[in-house]
There are 2 protein chains.
Amino acid sequence: MTDTDTNGLPERRRGSGVKMVYDLLRDEILDLVLPPGSPIDEAQLAERFKMSRTPIREALVRLAGEGLIDTLPNRSTMVSNIDFLNMHTYFDALVLMYRVTTRLAAEHHRAEDLQVIRAHQAAFAAAVEAQDALAMIATNAAFHSAIAEAGRNPYFTGLFKRLLDEGRRILRLYYQSYDDRLPRRFVDEHEAMIAVIAARDLGAADRLAKAHGEQIVDQIRKLFSRDRRLDIEL
Amino acid sequence: MTDTDTNGLPERRRGSGVKMVYDLLRDEILDLVLPPGSPIDEAQLAERFKMSRTPIREALVRLAGEGLIDTLPNRSTMVSNIDFLNMHTYFDALVLMYRVTTRLAAEHHRAEDLQVIRAHQAAFAAAVEAQDALAMIATNAAFHSAIAEAGRNPYFTGLFKRLLDEGRRILRLYYQSYDDRLPRRFVDEHEAMIAVIAARDLGAADRLAKAHGEQIVDQIRKLFSRDRRLDIEL
DNA sequence: TGTATTTTATTTGTCGACAAAAAATCGACG
DNA sequence: CGTCGATTTTTTGTCGACAAATAAAATACA
């Protein structure tokens, strides 16, 4: 037993509490452990983490800043809803960021970036092989996130990462369908993207990213119209 | 004397304090009243606004979430620096958002949107006529912000508004040069943009926005190399 | 005189408590 | 039996105080 006191609770260093609460709550929201609409009770969290409401509050303010929770003034705060009606705006933004970040990666990447990207791609391929849908979602996001980092534009990577996070919530609703033959196609497309990035072919990077993104959007649209009979306008 | 007590201090309603501090600090940062690097002292702010440190702290957390201030753990927090070395990433993002939002505005705008846009354009023209540089910056940002809103994609408008805010800090450093013949050209270009948006000509909207954005970037680059002998890579 | 070490001072992070605001409960009255 | 109003309960926003962490100052020592 390391780093724990007699109560079995980890000894927290001053200042680490907010980050812990923030990270955990964030994960629980994105993994739908806390589904949209779930009420968030400060006092309850304070008791759960054995700390005062002050650091809890700070974590909540940060989550609200990212739009992951909604706070009604003087009243309850809850996990923000996924806006299915305006989903097309999400897809538009996602595809554009796929394109821009991949193109910039082809332009600005360094040798060490490719190693990181290839490592994430290997992890994604392993998740596909293992048919682990949750791992697919996570490693796929990490793969594209690494590409964005190689593009070296913090404004784009910032927006893109937020979109990928939001995507975690959407995909997790439908990850069941991931046990068909689509994931292997994604693996191949990822390989092709790595190749054009390495070759610094900006045009091809843009084209591949566009096709890749639109295919994912198409797949999600199909899921929606099949499972929910919702016609998402694109 | 309305809404004030005997001390001359406004009676604040519960919950309004944080927003007041946030808004004011934000403006002071963007207007360079608080230049980059300025130390932010919680206790000092608490005394200035006659409130406890708790709401001050919440405002600071939100500002930190937007990257307007940097907080060293357990130590001082200060106004974030403008990253001149990586300015090109800013320009890349700005021009792309100019294009995307203008194109989407041409696609999705409604009649009432055009009225708002034209009103902002009139205010911009008036600022140019009055040679009021600060008003030009503000009304120009409002004009493009209104176009973005008409595009109806919250992900793009969110990023774009943040970029325009950041631009306020950059432009305010150089607003002196605004007393040449460039602003009138901006007025004309704005008029052309409104026309193609109204005509729902997506391609022309994209082209005009690209030219408009790149011209602004070019202008700023010239200012930099002239005033600072700084060679900004683009 | 310069450097290492202790002491002091300043500032942040956290806490428990209180007051305001909204919701929930209860009770009066039709 | 239902509706409106008063009262209680719950939850949030704010406060003042304290403790940990760091910087600054003072002291000891070579």
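All values below come from the heavy atoms of this structure, side chains included, with hydrogens, waters and symmetry mates left out. Letters A, B, ... are given to chains in the order of the sequence lines, protein chains preceding strands, and every chain is numbered from 1.
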Q: Round to a whole Å and report the spacing from NZ of B:K50 to C1' of D:dG16.
A: 16 Å
Q: Rounded to the nearest Å, what distance is computed from the CD1 atom of residue B:I56 to the C1' atom of nucleotide D:dC15?
A: 12 Å
Q: Knowing that exactly one of B:T71, B:T77, B:L72 qualifies, which makes a side chain to side chain contact (heavy atoms under 4.5 Å, CB included) with B:R75?
A: B:L72
Q: Looking only at the side chains, is there a donor atom on one of A:H120 and A:H190 sitting less than 3.5 Å from an acceptor on the other?
A: no
Q: Check the distance between C:dC18's P and B:M51's CE and give it to me in whole angstrom.
A: 22 Å
Q: Check whether any side-chain N or O of B:N86 sits under 3.5 Å from a backbone N or O of B:T89 as a donor-acceptor pair, and report yes or no.
A: no
Q: Could you check how far CG of B:L60 sits from P of C:dT11, rounded to whole Å?
A: 15 Å
Q: Starting at the 5' end of DNA chain C, which residue's closest nucleotide do you reach first, A:T54 or B:T77?
A: B:T77
Q: Take atom CD1 of A:I69 and atom C1' of D:dT12, then tell me their distance rounded to the nearest Å.
A: 13 Å
Q: Between the side-chain atoms of A:R53 and the base atoms of D:dG13, is any donor-acceptor pair under 3.5 Å?
A: yes
Q: Which residue pairs pass the salt bridge (charged side-chain N to carboxylate O under 4.0 Å, His left out) test when at least one of the two sits in residues 20-35 of chain B, sequence neighbours left out?
A: B:K19-B:D23, B:R26-B:E66, B:R26-B:D165, B:D27-B:R168, B:E28-B:R48, B:D31-B:R168, B:D31-B:R172
Q: How many whole angstroms separate atom CD1 of A:I40 from atom P of D:dT12?
A: 10 Å
Q: Are any of the side-chain nitrogens in A:K161 or A:E166 under 4.0 Å away from the carboxylate oxygens of its partner?
A: no
Q: Which protein N or O atoms sit under 3.5 Å from an N or O of nucleotides 7-11 of chain D?
A:
none

Q: In whole Å, I'd like the distance from the CZ atom of A:F49 to the C1' atom of C:dC15.
A: 18 Å
Q: Identify, with sequence neighbours excluded, every residue that meets side chain to side chain contact (heavy atoms under 4.5 Å, CB included) alongside B:R53.
A: B:E42, B:A46, B:R57
Q: Expressed as a whole number of angstroms, how long is the span from A:R13:CZ to C:dT14:P?
A: 12 Å
